[in-house]
Structure formats: structure tokens, C-alpha cells
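Let me begin by presenting the structure, written as C-alpha cells, before commenting on it.
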Amino acid sequence: SVTGDRKLPGYRIDHQLANRIVRQIRRHSFPIPTAHRVLRWSELMKIDLSRKASAERVLTLPSRHRSLRLAVDYVEFEQWIRPDVEATIRLARQALAEAQLEVSDLEAFLAVGGTTALPLVKQLCQEAFGQTPALLDPYAVARGAAIQAQTVSEEEWAAAAVAASG
């Protein structure tokens with residue numbers, strides 16, 4: 001089966017966290033850093049949240065002698081990401097059904113990407129599949145994307161090219 005989510009839940013979660021970081025910055029009247037920097041912070045905070053109960057970054061304005069502590073609590077974070085993680089579990093179940101397999105047929109449940117290290121992902125996989133996910137090599141996401149790309153029709157590629165060209 002090639003059932004999957006072309007919008008990558010980890011990507012959505014990083015952007016969700018980045019939007020919350022920007023709102024925190026705006027509330028304190030700080031200048032907004034570049035999108036690249038904010039996304040990098042959100043990714044690093046997500047990594048921290050896979051191991052700790054909270055994550056933070058400090059934004060400093062040396063010229064104004066001000067700093068801002070940007071913090072995220074895991075319990076709150078888990079509430080934001082739960083819908084995306086649950087949707088991914090549903091897709092995995094759908095892929096099993098399409099392949100005419102049962103959960104009991106699985107020797108291992110493989111998951112890829114940084115989001116799979118989060119406690120919620122491990123918990124929901126354990127509940128749904130009776131095991132926590134085994135992680136693959138760092139190129140697994142790229143390989144999966146290549147397989148998924150093979151399922152895209154020529155019409156979808158043409159539409160994407162038109163949208164990208166503006």
C-alpha cells in the first residue's frame with residue numbers, strides 16, 4: 001500500500017509551533033525573526049519535547065538590553081499535535097486494510113521522522129499496534145517520499161507546477 005499523507009505531519013507540527021512562537025514574540029512587541037530561524041527554533045523545541053517536559057529558546061535584543069524567553073510545555077504541545085498524530089494512526093490502519101493485513105500480521109511497526117520520537121506518538125502506536133515504532137535510517141523519509149511521488153498522476157504534477165510558478 002502507498003497510503004500516506006503528502007503534507008507530512010512533522011512539517012505541520014513544526015509550522016504550528018512556529019506560529020505559536022511568533023504569537024509569543026508579537027505579544028511582547030519584539031521584532032519577528034526570519035521565518036527560517038523561527039522554523040529552526042520550532043524544530044529544536046520539538047526535539048527537546050521528545051525528551052523533556054518543556055522546551056525553551058531565548059530571543060535577545062542586545063541593542064535594547066532585552067530578552068524574551070519562548071517556552072512550550074509538553075502537555076500543551078501534546079494537545080496541539082494529537083489530531084495530526086491520530087490522523088497518521090488512521091492512515092497506517094488504512095494502509096493495513098488496503099494490504100489486507102491485520103495488526104497481528106506485523107512483525108514490527110516502522111515509523112520515520114523526528115516526530116516519531118515524541119512520547120505521544122509512541123503511546124498511540126502502542127495502543128493501536130501493540131508495539132512502539134522502530135525507527136529507520138535517516139533517509140527513510142526521502143525514500144518514502146519517492147515511493148509516494150510515484151503514485152501522483154500527471155495531472156497532479158501539472159497542477160503543482162502551475163501553482164508553484166505563481
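Under a hydrophobic-cluster definition in which Ile, Leu, Val, Met, Phe, Trp and Tyr are linked whenever side-chain heavy atoms come within less than 4.5 Å, directly or via other members, Ile89 and Leu96 are assigned to the same cluster. Under the 4.5 Å side-chain heavy-atom criterion for Ile, Leu, Val, Met, Phe, Trp and Tyr, Leu106 and Leu124 are members of the same hydrophobic cluster. There is no path of hydrophobic side-chain contacts, each under 4.5 Å, that joins Val85 to Ile47. Follow the hydrophobic side-chain contacts under 4.5 Å out from Val72 and you reach Ile32 in the same cluster. Residues Trp80 and Trp41 are members of one and the same hydrophobic cluster, defined by side-chain heavy-atom contacts under 4.5 angstrom among Ile, Leu, Val, Met, Phe, Trp and Tyr.
Across all their heavy atoms, Thr60 and Ser67 have their closest contact at OG1-CB, 3.8 Å. Pro33 and Leu59 make their closest contact through CG-CD1, 4.2 Å (heavy atoms, listed as atom of the first residue, atom of the second, distance). Ser50 and Ala117 get closest at one heavy-atom pair: CB-O, 3.6 Å. Nearest heavy atom pair, residue Ile13 against residue Thr115, reads CD1-CG2, 3.8 Å.
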Output side-chain donor-acceptor pairs under 3.5 Å for residues 14-22, partner residues at least two apart or in another chain, one line each.
residue : atom : partner : partner atom : Å
Asp14   : OD1  : Lys46   : NZ           : 3.0
His15   : ND1  : Tyr11   : O            : 3.0
Asn19   : ND2  : His15   : O            : 3.3

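Contact annotation: the side chain of Arg90 never approaches that of Gln94 to less than 4.5 Å [non-hydrogen atoms, C-beta and beyond]. Leu68 is not listed as a side-chain neighbour of Val58, based on a closest heavy-atom distance of 4.5 Å or more. Using a 4.5 Å heavy-atom threshold, the side chains of Leu118 and Glu78 count as separate.
Within the structure, side chain to side chain donor-acceptor pair (under 3.5 Å) contacts touching residues 24-37 (residues at least two apart or in different chains) do not occur. For residues 102-117, no residue pair satisfies the salt bridge (charged side-chain N to carboxylate O under 4.0 Å, His left out) rule, not counting sequence neighbours.
Remark: Lys122 NZ to Glu127 CD distance equals 14.5 Å, nearest 0.5 Å. Atom CZ of Arg40 is separated from atom CG of Leu44 by 4.0 Å, given to the nearest 0.5 angstrom.
Annotation: side chain to side chain contact (heavy atoms under 4.5 Å, CB included) contacts of Ala53 (sequence neighbours excluded): none. Listed by chain and number, the residues in a salt bridge (charged side-chain N to carboxylate O under 4.0 Å, His left out) with Arg66 amount to none (sequence neighbours excluded). Scored by the side chain to side chain contact (heavy atoms under 4.5 Å, CB included) test, Ser54 finds no partners at all (sequence neighbours excluded).
Ring orientation note: the planes of Tyr74 and Phe77 are tilted relative to one another, at an angle of 30° to 60°.
Glu56 contributes no side-chain N or O that, together with a main-chain N or O of Leu70, makes up a donor-acceptor pair within less than 3.5 Å.
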